[in-house]
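The first residue in the sequence is number 1, and the count goes up from there. Every number for a ligand or one of its atoms is a count from 1 in the order of the listing.
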Amino acid sequence: MSEIAAEVTDLLQRLIRNGCINDGTPDSGQEIRSTELLADHLHGCGVEMTTFESLPGRASLLARLEGTDPAAPTLMLMGHTDVVPVDPEGWRRDPLGGELVDGVVWGRGAIDMLNLTASMAVATRRLATSGWRPRGTLLFLAVADEEAGGALGAGWLAEHEREAIRADYVITENGGVLQHTAAGERIGVTVGEKGICWCRVKVHGTPGHGSRPLHADNALVKAAEVVTRLSAYPTAAHITEAWRRWVAGMGFEPAIAEALVDPARIWEGLDQLPRGLAGMAHALTHLTASPNVIRGGEKTNVIPGRVDIEVDIRKVPGQTDEDVLEFFDTALGPLRSAVEIEVMQRDDPSESPVDTPLWDAINRAATAVYPEARCIPTLTPGGTDARFFRAMGVPAYGMALYSRAMSLQQFSEMFHANDERVDQESLRLTVELYGAVARDLLS
Ligand SMILES: [Zn+2]
């Protein structure tokens with residue numbers, strides 16, 4: 001096994017074992033255990049390190065390898081150290097054990113994204129100790145709280161330490177999985193993400209006796225129709241530049257490719273795709289609404305006067321909360337006046353341009369490993385810390401590099417799920433990719 005693979009495997013195992021589980025409460029996570037581990041790993045390699053604590057224990061670490069030319073660009077590698085909660089039931093290995101079995105590291109965070117955070121730290125240490133004197137500055141930022149929206153991590157830093165985290169380019173999660181398409185091998189680089197608008201729909205009715213339902217004003221009965229209307233309403237397609245480029249890069253049959261970028265005909269294309277891909281393609285081109293929580297009713301013999309529905313609504317880059325309100329008006333029709341809508345949590349969608357020096361450096365580094373492949377931009381339906389940097393006008397991409405053992409299907413099914421795991425070759429390739437991009441961009 002290569003020295004790099006051994007180093008990054010060991011660091012990843014320790015990060016997994018720290019179990020910085022973020023359940024959304026302010027005192028969970030306790031990422032300070034992993035920032036201390038990472039600081040130990042980088043100690044003595046020549047980087048300058050600063051720890052920031054948004055709340056006791058909610059630490060983020062910034063390591064800085066200063067460039068010689070203040071006019072040269074600054075590249076930031078940003079990884080989160082927290083993970084989502086895990087139920088060991090359903091796992092084949094101990095989720096916090098960090099076991100290495102036949103070249104594969106198992107555990108919560110092995111894909112999201114302790115693997116990348118460990119690879120970034122190892123790449124930074126190796127670059128710093130190699131004698132390389134970069135013109136531009138390299139930053140490695142290990143942040144807390146990504147899994148609860150980043151308010152105590154990247155979001156906090158963007159608000160309180162903007163100068164310290166100033167960068168020209170950012171690489172974070174995720175991307176970097178090889179895909180086999182009709183046009184050849186492709187590697188997705190994440191350039192944008194959807195925005196959220198989580199809403200509570202309060203459905204009002206009039207309480208009454210459950211023994212006399214005729215003409216009753218039952219909030220639960222109305223809520224059922226609200227749920228049906230919200231989930232069944234066909235929102236119009238919204239085509240972004242990244243989507244066009246993704247479709248062009250995937251080598252679909254011309255008829256499918258043309259339909260997929262035409263709002264009027266997109267369903268002709270979606271219907272031709274395999275189920276999993278169709279779900280992703282639909283999400284990346286439409287405002288989606290998924291009613292996921294319902295609360296209401298008191299007792300079997302009481303007609304309820306109030307039922308709350310929580311809806312997970314996601315906006316495509318270019319869409320705003322105005323589009324969400326318009327969606328409620330049209331989807332609910334006459335029922336709109338029977339409900340109140342409260343926005344519980346919101347965030348804008350974001351997208352970085354693709355014609356940047358960072359894109360070119362990533363493409364060169366990835367195709368040096370996979371000469372037959374080509375990088376294509378992708379969007380993600382979920383949220384990442386990249387959005388804080390995009391909001392500051394900084395191009396931010398999600399990128400790693402996985403081995404041929406990792407399929408896109410397997411990869412996407414492991415996020416926040418059971419049996420999260422990564423092979424050591426993918427860890428080594430990711431370290432090499434980050435190193436190559438930094439040398440390309442900052443030398
Ligand atoms: Zn993540």
* To do: Kindly confirm whether the Zn ion (ligand 1) is within less than 2.8 Å of some N/O/S atom in E146?
  => no

* **Among the N, O or S atoms of D112, the one nearest the Zn ion (ligand 1)** => OD1

* Note, P291 side chain near V227 side chain (heavy atom, < 4.5 Å) -> yes

* D323: partners by salt bridge (Lys or Arg N to Asp or Glu O under 4.0 Å), with sequence neighbours left out -> none

* Assess the side chains of E193 and T384: does a donor N or O sit below 3.5 Å from an acceptor N or O? => yes

* How wide is the angle at the Zn ion (ligand 1) between NE2 of H80 and OE1 of E173, to the nearest 10°? -> 110°

* To do: Before accepting this row, confirm whether a basic side-chain N of the pair D312/R314 lies closer than 4.0 Å to the acidic partner's carboxylate O.
  => yes

